[in-house]
Amino acid sequence: MLKRVLIANRGEIALRIFRACRECGMETVAVYSEADSEALHVQLATRSVCIGPAPAGESYLNQEAVLEVALSTGCDGIHPGYGFLSENADFADACKKAGLTFIGPSGETIRMAGSKSSARKRMREAGVPVPPGADGTLSSEAMALEVAERVGYPVLLKASAGGGGRGIRRCDGPEQLPSAYAQARAEAKACFGNEELYLEKLVLRPRHIEVQVLADRHGNVIHLGDRDCSIQRRNQKLIEEAPAWGLSPALREKMGAAAVRAARAVGYENAGTVEFLLDQDGEQFYFMEMNTRIQVEHGITELVTGVDLVREQLRIASGLPLSLTQKEVTLSGCAMECRINAENPQENFRPDPGVVTFLHFPGGNGVRVDSCLYQGWELSPYYDSLAAKLLVHGHTRLDAVKKMRRSLEEFTLEGFQTNGELSYQILYHPDFVRGCCTTAFLEENLPALLDFNRRLREKEESE
């Protein structure tokens, strides 16, 4: 097993990794920016080292500084969490060159899966369904127009090196394509340093279903069921649940098998997620992308399977085989997660960082909160607005919905605005209760949900 692990991240995921490492008997080293000097992961780690100023580019994304700390503190492994360096193939290679174990897939695998156009080709060859579209990257605007005409509008222009909803533009007709092409290229270059795009047919009103996979270096690849991530805003997930509601056993088996084939197609090792789009009829699914890291929403899979995914990551990176086989994977009940973000939905979700002046987390059977918050802590404006993840587990989906409602009622956070009230309203929406939401749900219902929240707040203030 690994002996000492550097956690190249911050916030709740750094704490999550820290706890798994300690339970496995591993020492931990935390790196932090000047803005995070009082962070919980810094206080709890075996050792903590400051690596630079607040901006991520000068601290958490500084590969040389991270590697220097790992080597000088005697670490034998680096866990990147999610975001920052987690899907950076060059960093994975640099870890290997330095004699450090990168707790994730190889740089080669990250490149294969990270290039969305290349991944499409590999998936198609592996028998994983992909939406109709370009066979590779687009060489010009004219090529984009030609492919769009062939597959039919609407289409999506997507960054080949993309992720997190960046570098994506929808086109409903040829007149929109030139400006969308230019905008997508510019955003792709700004976000990923790579302006290559590909194009695919837009699957209208789909559900966003993803499958968790685990793979070790001994050739074992399994999946741990699926998650529904359809409640999202601008391709950013807000509420997730596991397993996805209403999938037939046959469809669930097909999607799981396709995810395993996808992982094998890129020679995957460690924990990863294969994301699919499920069409309106609930019968045909298409490969969207593969995330080569632990996901924000990994906790709900842990709740329904009883598998500690971060512990499995550490085992795999240490050269051990998976601790379970596909036949031993069972799904129990339903789990849900609400992402509590420091943002103001009434002002176009403007980030709203600040100091936590009062904090109370909900509790009870089947309730889990993953967060780095504590009273007096200042949520920094330099990083992602995620403040906490509220997870619940119930015997049935309705049990989970009711438990999440109660937990959100109990969740108290003062000092800045959050999206908690919006999530609470969604949990009462008839479409959500019936489990028939698509990725268009929030776009279609947001004005009414925000108006209800506004009127409710005004009524409370008047009283």
Taking atom [atom1] of [X] as the centre, does the number of heavy atoms from other residues, nucleotides or ligands within less than 6.0 Å exceed 12?
{"X": "E68", "atom1": "CD", "result": "no"}
{"X": "Y382", "atom1": "OH", "result": "no"}
{"X": "H395", "atom1": "NE2", "result": "no"}
{"X": "E253", "atom1": "CD", "result": "no"}

Ion pair [X]/[Y], N-O distance below 4.0 Å:
{"X": "E240", "Y": "R207", "answer": "no"}
{"X": "R406", "Y": "E410", "answer": "yes"}
{"X": "E241", "Y": "R227", "answer": "no"}
{"X": "E27", "Y": "R47", "answer": "no"}
{"X": "E443", "Y": "R233", "answer": "no"}
{"X": "K402", "Y": "D399", "answer": "no"}
{"X": "K158", "Y": "E200", "answer": "yes"}
{"X": "E187", "Y": "R169", "answer": "yes"}
{"X": "D90", "Y": "R111", "answer": "yes"}

Under 3.5 Å, is there a donor-acceptor pair linking the side chains of [X] and [Y]?
{"X": "T273", "Y": "E210", "value": "no"}
{"X": "E297", "Y": "Q212", "value": "no"}
{"X": "Y82", "Y": "N291", "value": "no"}
{"X": "S323", "Y": "E312", "value": "yes"}

Distance, nearest 0.5 Å, that separates [atom1] of [X] from [atom2] of [Y]:
{"X": "C437", "Y": "H208", "atom1": "SG", "atom2": "NE2", "result": "14.5 Å"}
{"X": "T438", "Y": "D431", "atom1": "OG1", "atom2": "CG", "result": "8.5 Å"}
{"X": "F349", "Y": "L422", "atom1": "CZ", "atom2": "CG", "result": "5.0 Å"}
{"X": "R16", "Y": "C21", "atom1": "CZ", "atom2": "SG", "result": "9.5 Å"}
{"X": "F416", "Y": "E378", "atom1": "CZ", "atom2": "CD", "result": "10.0 Å"}
{"X": "L408", "Y": "Y424", "atom1": "CG", "atom2": "OH", "result": "8.0 Å"}

Donor-acceptor pair, distance only, cut-off 3.5 Å: does the side chain of [X] make one with the backbone of [Y]?
{"X": "T357", "Y": "E414", "value": "yes"}
{"X": "D76", "Y": "R4", "value": "yes"}
{"X": "D226", "Y": "V211", "value": "no"}
{"X": "H223", "Y": "G225", "value": "yes"}
{"X": "N344", "Y": "Q346", "value": "yes"}
{"X": "D279", "Y": "G282", "value": "yes"}
{"X": "T109", "Y": "V266", "value": "yes"}
{"X": "N9", "Y": "P80", "value": "yes"}
{"X": "R405", "Y": "Q425", "value": "no"}
{"X": "N348", "Y": "R350", "value": "no"}

Within the 4.5 Å heavy-atom criterion, are [X] and [Y] side-chain neighbours or not?
{"X": "I110", "Y": "P105", "result": "yes"}
{"X": "V307", "Y": "T301", "result": "no"}
{"X": "L373", "Y": "L413", "result": "yes"}
{"X": "Y383", "Y": "S33", "result": "yes"}
{"X": "F285", "Y": "L251", "result": "yes"}
{"X": "L391", "Y": "M336", "result": "no"}
{"X": "V42", "Y": "L40", "result": "no"}
{"X": "N341", "Y": "T418", "result": "no"}

Determine whether I51 and S59 satisfy the following criterion, side chain to side chain contact (heavy atoms under 4.5 Å, CB included), listing intermediate values before the conclusion. CA-CA 5 Å; I51 54 170; S59 52; 4.2 Å; yes

So which heavy atom on [X] is nearest to which on [Y], and how close?
{"X": "C372", "Y": "L15", "result": "CA-CD1, 3.7 Å"}
{"X": "A92", "Y": "S106", "result": "CB-C, 4.4 Å"}
{"X": "K403", "Y": "G366", "result": "CD-O, 3.8 Å"}
{"X": "P53", "Y": "E58", "result": "CG-OE1, 3.3 Å"}
{"X": "L309", "Y": "E302", "result": "N-OE2, 2.9 Å"}
{"X": "R293", "Y": "Y268", "result": "N-OH, 3.6 Å"}

Handout entry: salt bridge (Lys or Arg N to Asp or Glu O under 4.0 Å) between R311 and E23, intermediate numbers included
Key = CA-CA 9 Å; R311 180 174 179 271; E23 290 168 11; over 6 Å; no

Take C95 and L67 through the side chain to side chain contact (heavy atoms under 4.5 Å, CB included) test and state the conclusion after the steps.
CA-CA 7 Å; C95 288; L67 289 171; 3.9 Å; yes

For the residue pair Y374 and W377, categorise the inter-ring angle as parallel (less than 30°), tilted (30 to 60°) or perpendicular (more than 60°).
-> tilted

**Message:** Ring-plane angle category for F287 and F276, please: parallel below 30°, perpendicular beyond 60°, tilted otherwise.
**Reply:** perpendicular

Mind running salt bridge (Lys or Arg N to Asp or Glu O under 4.0 Å) on K237 and E275 for me, showing each step along the way? CA-CA 13 Å; K237 301 163 189 173; E275 304 201 1; 3.3 Å; yes

Residues V203, L278; criterion side chain to side chain contact (heavy atoms under 4.5 Å, CB included); working and verdict
CA-CA 8 Å; V203 182; L278 181 64; over 6 Å; no

> Would the F441 and F432 ring centres measure less than 6.0 Å apart?
Replying inline: no

| message | Determine whether D384 and R339 satisfy the following criterion, salt bridge (Lys or Arg N to Asp or Glu O under 4.0 Å), listing intermediate values before the conclusion. | response | CA-CA 12 Å; D384 187 89; R339 301 191 189 189; over 6 Å; no

Would you verify whether the NZ or CZ of R10 falls within 45 degrees of the ring axis of Y32 while also being under 6.0 Å from that six-membered ring's centre? no

- Task: Start with the C-alpha distance between T305 and T330, add both sets of side-chain angles, then the distance that settles side chain to side chain contact (heavy atoms under 4.5 Å, CB included), and finish with yes or no.
- Result: CA-CA 6 Å; T305 63; T330 58; over 6 Å; no

